[in-house]
Participant: 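Once you've had a glance at the structure underneath, I'll fire off some questions.
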Amino acid sequence: MQIALFFPAPIQQAITGAPRMSFTYNKDHPQKLGLLKAQPGEPSNLLVVDQDNNIYSFVLEYQKELSVLNYRFFERDAIFKLKATPSDREFAGHHVFDYNANKTYVESFATYLFQRNLPVLKRKRHQKIKILVYQIQFYKEYAYLIMELTNSSNVSFLPGEISASLQLKKQGKKHTMQRQDLGIMHRLNIPDIVKPGESKRFMIILPKFTIPKKWMLDISLKEKKGRRHLQVTSNKL
């Protein structure tokens with residue numbers, strides 16, 4: 001059996017927290033209707049964004065027998081409303097995004113992502129410090145990149161300078177490198193210290209981007225007042 005959910009405006013995006021919970025809606029011709037189906041297992045969650053920029057959040061729990069099969073929601077049921085996104089301004093071919101104008105919905109969506117179990121994009125270990133880079137999530141004009149540090153050494157690690165860029169390695173005698181800085185717009189939950197035996201998750205928010213052919217995404221994290229340097233590269237998002 002499946003449940004029908006009706007919203008006040010056509011559905012723009014929906015995300016479930018577990019594969020056993022499926023929410024289907026018409027992506028080609030947006031409608032106000034979505035269909036929810038679940039398999040037995042632990043509780044999960046559902047996030048729905050409609051085309052009026054209202055965000056709805058639900059806790060999902062499997063039940064063998066259902067007494068209600070249709071639910072209708074109103075704008076007052078939304079947990080919050082995203083601010084309208086200003087038009088992009090182009091200067092010399094570059095987009096300029098006003099982060100402060102969108103701060104409320106950007107940080108709210110980031111908080112939601114922290115609660116999800118995202119696939120790992122890349123992992124690396126250096127001098128007993130392990131870094132996980134989770135699959136990048138895109139929403140509107142932003143890219144959300146969650147990382148996790150695990151300290152298996154006997155010395156605390158103090159995160160310092162962090163950067164994100166696209167790099168193209170030129171072939172030649174000197175193997176020079178082209179680099180384009182992506183420009184970190186905001187940092188969330190960056191730890192001051194990761195003590196031995198601890199794991200800490202944090203996020204950087206970037207302007208939305210793609211990785212051109214022959215280019216690589218490069219994430220660099222240097223230790224503050226130390227020599228340890230973690231660097232992760234990937235040609236995938």
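This is a predicted model, so every value here is computed, not measured.
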Participant: Can you list, by chain and residue number, the hydrophobic cluster partners of Leu35 when the side-chain cut-off is 4.5 Å?
Facilitator: Phe6, Leu33

Participant: Is Leu46 linked to Leu66 within one hydrophobic cluster, defined over Ile, Leu, Val, Met, Phe, Trp and Tyr using a side-chain heavy-atom separation of less than 4.5 Å?
Facilitator: yes

Participant: Is there a side-chain contact between Leu145 and Met203, using heavy atoms and a 4.5 Å cut-off?
Facilitator: no

Participant: Answer yes or no: does atom CG of Asn117 have more than 12 heavy-atom neighbours from other residues, nucleotides or ligands under 6.0 Å?
Facilitator: no

Participant: Can you name the nearest heavy-atom pair linking Ala143 to Phe209, along with the distance?
Facilitator: CB-CE2, 3.9 Å

Participant: Which pairs with one or both residues in residues 125-137 pass side-chain hydrogen bond (donor to acceptor under 3.5 Å, both in side chains), sequence neighbours excluded?
Facilitator: Tyr134-Glu148

Participant: With respect to Leu230, which candidate in Ile219, Leu149, Val133 satisfies the side chain to side chain contact (heavy atoms under 4.5 Å, CB included) definition?
Facilitator: Leu149

Participant: Which pairs with one or both residues in residues 153-163 pass side-chain hydrogen bond (donor to acceptor under 3.5 Å, both in side chains), sequence neighbours excluded?
Facilitator: Asn151-Ser153, Ser153-Arg228

Participant: Would the number of heavy atoms belonging to other residues, nucleotides or ligands and lying under 6.0 Å from CD of Gln51 be above 12?
Facilitator: yes

Participant: Which residues pass the ring pair (Phe, Tyr, Trp, His ring centres under 6.0 Å) test with Phe58, not counting sequence neighbours?
Facilitator: Phe73

Participant: Check this for me: does any side-chain nitrogen of one of Lys200 and Glu198 sit under 4.0 Å from a carboxylate oxygen of the other?
Facilitator: yes

Participant: For side-chain contact (heavy atoms from CB on, under 4.5 Å), just list the numbers for Gln13 and Asp50, CA-CA rounded to whole Å, side-chain angles, deciding distance to a tenth of an Å, and then say yes or no.
Facilitator: CA-CA 7 Å; Gln13 185 178 16; Asp50 69 20; over 6 Å; no

Participant: Ignoring hydrogens and angles, tell me if any N or O in the side chain of Lys124 forms a donor-acceptor pair with the backbone of Gln231 under 3.5 Å.
Facilitator: yes

Participant: Stepwise, does the side-chain contact (heavy atoms from CB on, under 4.5 Å) test hold for Val194 with Thr150?
Facilitator: CA-CA 8 Å; Val194 183; Thr150 300; over 6 Å; no

Participant: Under a 4.5 Å side-chain heavy-atom rule over Ile, Leu, Val, Met, Phe, Trp and Tyr, are Tyr62 and Phe23 clustered together?
Facilitator: no

Participant: Which atom names give the shortest non-hydrogen contact between Phe157 and Leu221, and what distance separates them?
Facilitator: CE2-CD2, 4.2 Å

Participant: Considering non-hydrogen atoms only, spot the tightest contact between Ser57 and Leu47 and give its length.
Facilitator: CB-CD1, 4.4 Å

Participant: Starting at CG of Leu132, measure out to OG of Ser199 and round the result to the nearest 0.5 Å.
Facilitator: 8.0 Å

Participant: Between Ile146 and Leu113, is there a side-chain heavy-atom distance shorter than 4.5 Å?
Facilitator: yes

Participant: Any link between Phe7 and Val59 through a network of hydrophobic side chains (Ile, Leu, Val, Met, Phe, Trp, Tyr) touching at under 4.5 Å?
Facilitator: no

Participant: For Phe74 and Pro8, work out which heavy atoms get closest and say how close.
Facilitator: C-CG, 4.0 Å

Participant: Indicate yes or no: at least one non-hydrogen side-chain atom of Asn53 is less than 4.5 angstrom from one of Gln12.
Facilitator: yes

Participant: Using the rule given for side-chain contact (heavy atoms from CB on, under 4.5 Å), can you reason through Arg187 versus Ile162, listing the C-alpha separation, both sets of side-chain angles and the distance that settles it, and then say yes or no?
Facilitator: CA-CA 10 Å; Arg187 298 165 171 82; Ile162 182 171; 3.5 Å; yes

Participant: Is a side-chain N or O of Arg201 found less than 3.5 angstrom from the main chain of Met147, in a donor-acceptor match?
Facilitator: no

Participant: Begin with the C-alpha distance, continue with both residues' side-chain angles, and end with the deciding distance and a verdict on side-chain contact (heavy atoms from CB on, under 4.5 Å) for Tyr144 and Phe109.
Facilitator: CA-CA 9 Å; Tyr144 301 77; Phe109 189 68; 3.6 Å; yes

Participant: May I ask you to test the Ile11-Pro30 pair for a side-chain heavy-atom distance under 4.5 Å?
Facilitator: no

Participant: Output all residues satisfying side-chain contact (heavy atoms from CB on, under 4.5 Å) with Ala78, sequence neighbours left out; order by chain, then residue number.
Facilitator: Asn54, Tyr56

Participant: Indicate if Met216 and Ile184 have the same hydrophobic cluster label, given that clusters are the connected sets of ILVMFWY residues with side-chain heavy-atom separations under 4.5 angstrom.
Facilitator: no

Participant: Keeping the roles fixed (side chain from Thr16, backbone from Met21), state whether a donor-acceptor pair exists under 3.5 Å.
Facilitator: yes

Participant: For Ile193, what are the other residues in its hydrophobic cluster, where any two members join if their side-chain heavy atoms are less than 4.5 angstrom apart?
Facilitator: Leu158

Participant: Where do Asn189 and Phe202 come nearest, in terms of heavy atoms and distance?
Facilitator: O-CB, 3.2 Å

Participant: Can a donor-acceptor pair be found, under 3.5 Å and without considering hydrogens, that links the side chain of Arg20 to the backbone of Glu42?
Facilitator: yes

Participant: Can Asn45 and Gln115 be said to form a side chain to side chain donor-acceptor pair (under 3.5 Å), step by step?
Facilitator: CA-CA 10 Å; Asn45 60 330; Gln115 301 170 0; 4.7 Å; no

